[in-house]
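Inspection log for the structure reproduced underneath, given as structure tokens.
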Amino acid sequence: MPLALLALAIGAFGIGTTEFVIMGLLPEVAADFQVSIPTAGFLVTGYALGVVLGAPLMTVLGTRVTRKRMLMLLMGLFIVGNVVSALAPVFEVMLVGRVVASLAHGAFFGIGSVVAADLVAPEKKAGAIAMMFTGLTVANVVGVPLGTYIGQSAGWRITFFVVAGLGVLGLLGVAKLVPEQLKPAGVRIRHEIAAFRNVQVLLAMAMTVLGFGGVFAAITYITPMMTGTAGYAPSSVTWLLVLFGLGMVGGNLLGGRFADRHLMPMLYVSLGALAAVLALFTLTAHDKIAAAVTIVLIGGLGFATVPPLQKRVLDQAAGAPTLASAVNIGAFNLGNALAAWLGGMVIAAGFGYTAPNWVGAALAASALLLALLSGALERRTADSDRPAAGPAPEATAVAAGRR
């Protein structure tokens with residue numbers, strides 16, 4: 001794999017840390033600003049919606065500059081947003097900081113996915129995308145638990161200053177390692193937008209919203225669920241997030257490996273298993289050991305869908321992949337926002353901290369149905385495009401002999 005993928009992974013590590021670390025710090029942030037846990041959950045929802053809006057906006061703005069320059073500008077925006085969050089005097093200002101940081105997220109992963117895929121042979125594209133997303137998954141093994149520990153021991157504001165420092169490292173990595181020649185040559189916005197007329201692109205994005213949303217329905221409220229239901233101490237959340245991150249790393253790598261060979265079957269298996277595990281989490285959340293095992297499985301199955309879904313969009317939007325790739329990253333976060341909102345609603349309605357798991361199971365099951373529909377449509381199209389078989393050569397010869 002090219003060394004430039006390391007630079008993309010470094011940036012992904014910083015972005016992944018700031019996206020997920022807030023889940024381990026929701027009680028501390030809520031207490032500091034004197035708001036409820038569901039209200040503090042808007043820091044997750046706001047970030048996710050910022051990604052949804054920022055992905056197409058920043059990608060369109062970046063069509064006039066080189067991909068390397070745009071990636072550097074996005075990392076700069078990410079740094080500013082995290083500094084604002086760290087210095088926020090009131091909850092509303094922190095929410096603004098989260099949104100500012102999130103504007104860089106979708107475009108970075110969207111442009112980065114195109115860069116990663118262009119660096120390797122066609123049969124290795126999903127693996128290259130998975131390599132970049134490894135930075136995001138490793139963030140959940142190292143960055144998020146460490147950030148949670150720092151936030152619980154030294155204050156959550158210190159965590160966001162550290163995250164801003166990770167953004168500086170990402171900026172330097174892109175500046176040093178990403179080749180200058182990677183630029184969007186001859187990009188036309190109308191051509192990019194035309195990719196969204198492909199029903200398979202839209203189906204892939206809908207799968208992204210629902211499938212990964214299922215993961216976030218459970219994980220957004222993992223801290224109160226584990227402390228209030230499973231009986232873990234608040235300090236245990238750190239290593240529980242490590243387990244989630246380890247599952248993400250394994251699932252991401254497996255998804256990248258098998259997506260290059262059997263993309264749709266990989267989606268069928270991972271989405272179906274994810275729906276089942278999320279439903280089971282409603283029961284296993286009451287036992288410490290069972291809950292820990294389930295958290296690993298949710299991380300693994302959830303991220304096993306990421307490389308195949310991203311490659312699916314790139315394949316179906318061939319010739320105009322940049323905007324579609326970025327919008328699909330926004331689709332991941334639209335699912336995050338939808339799931340966090342729905343999870344907060346069922347908690348606020350009095351159904352308990354395990355209720356979001358049922359929400360997640362329903363979302364993942366819906367994604368599986370869309371995947372089956374997408375596969376069926378693809379097979380039908382392939383059958384209709386296949387030329388009708390003519391008479392067998394032997395039959396033709398016999399007929400000629402009779403004549």
Minimum heavy-atom distance Gly112-Leu8, with the two atoms named: O-CD1, 3.7 Å

Heavy-atom check, side chain of Tyr47 versus side chain of Ile22, under 4.5 Å: no

Candidate pair Leu267 and Met264, rule side chain to side chain contact (heavy atoms under 4.5 Å, CB included), full reasoning: CA-CA 5 Å; Leu267 283 177; Met264 293 308 292; 4.0 Å; yes

Residues, nucleotides or ligands: over 12 heavy atoms within 6.0 Å of Tyr149 OH: no

Heavy-atom side-chain proximity of Leu87 to Phe161 below 4.5 angstrom: yes

Tyr268 side chain near Leu372 side chain, heavy-atom distance below 4.5 Å: yes

Side chain Lys288, main chain Tyr232, donor-acceptor under 3.5 Å: no

Euclidean distance, Phe42 CZ relative to Leu95 CG, rounded to 0.5 Å: 9.0 Å

Over all atoms of both residues, closest heavy-atom pair of Gly170 and Ile10: CA-CG2, 3.6 Å

Thr18 side chain vs Ile15 backbone, donor-acceptor pair below 3.5 Å: no

Val44 and Glu19: CA distance, side-chain angles, deciding distance, side chain to side chain contact (heavy atoms under 4.5 Å, CB included) verdict: CA-CA 8 Å; Val44 178; Glu19 179 181 20; over 6 Å; no

Positive for side chain to side chain contact (heavy atoms under 4.5 Å, CB included) with Leu334, one of Val327, Val51, Val209: Val209

Worked check of side chain to side chain contact (heavy atoms under 4.5 Å, CB included) between Val215 and Phe244: CA-CA 11 Å; Val215 175; Phe244 177 67; 4.0 Å; yes

Test item: Arg157 side-chain N/O and Ala88 main-chain N/O as donor-acceptor pair under 3.5 Å: yes

Atom pair CD1/CE of Ile219 and Met248 - distance to nearest 0.5 Å: 9.0 Å

Polar side chain donor-acceptor pair, Ser374 to Arg312, under 3.5 angstrom: yes

Interatomic distance, Phe258 atom CZ to Leu253 atom CG [nearest 0.5 angstrom]: 11.5 Å

Pairwise side-chain contact, Met72 with Val178, heavy-atom cut-off 4.5 Å (strictly under): no

Shortest non-hydrogen separation from Leu43 to Met94 and the atoms involved: CD1-SD, 3.9 Å

Note, Gln316 side chain near Lys311 side chain (heavy atom, < 4.5 Å): no

Phe20 vs Phe216, ring-ring contact (aromatic ring centres under 6.0 Å, His included): CA-CA, chis, key distance, verdict: CA-CA 10 Å; Phe20 292 104; Phe216 256 67; 5.4 Å; yes

Over all atoms of both residues, closest heavy-atom pair of Leu246 and Val141: N-CG2, 3.3 Å

Side-chain heavy-atom pair Phe109, Leu136 within 4.5 angstrom cut-off: yes

Non-hydrogen atoms of Val144 and Gly16 that approach each other most closely: CG2-O, 4.1 Å

Nearest-0.5 Å distance, CG of residue Leu146 to OG1 of residue Thr159: 8.0 Å

Main-chain N/O of Gly81 paired to Ser85 side chain as donor or acceptor, under 3.5 Å: yes

Backbone of Ala331 reached by a side-chain donor or acceptor of Asn328 within 3.5 Å: no

Exercise: identify the closest heavy-atom pair between Ser102 and Gly46: OG-O, 4.4 Å

Stepwise side chain to side chain contact (heavy atoms under 4.5 Å, CB included) check, Val100 with Val96: CA-CA 6 Å; Val100 170; Val96 170; 4.3 Å; yes

Aromatic plane relationship, Trp156 with Phe160 - under 30° parallel, 30 to 60° tilted, over 60° perpendicular: perpendicular

Between Thr294 and Thr284: side-chain donor-acceptor atoms closer than 3.5 Å: yes

Geometric class of the Phe332/Phe133 ring pair [parallel <30°, tilted 30-60°, perpendicular >60°]: tilted

Gap separating the CE atom of Met225 from the NE2 atom of His286, nearest 0.5 angstrom: 9.5 Å

Any Val163 side-chain heavy atom under 4.5 Å of Phe78 side chain: yes

Side-chain heavy-atom pair Pro356, Val346 within 4.5 angstrom cut-off: yes

Donor-acceptor contact below 3.5 Å, side chain Thr220 vs main chain Ala217: no

CG on Leu363 to CH2 on Trp358, rounded to 0.5 Å: 13.5 Å

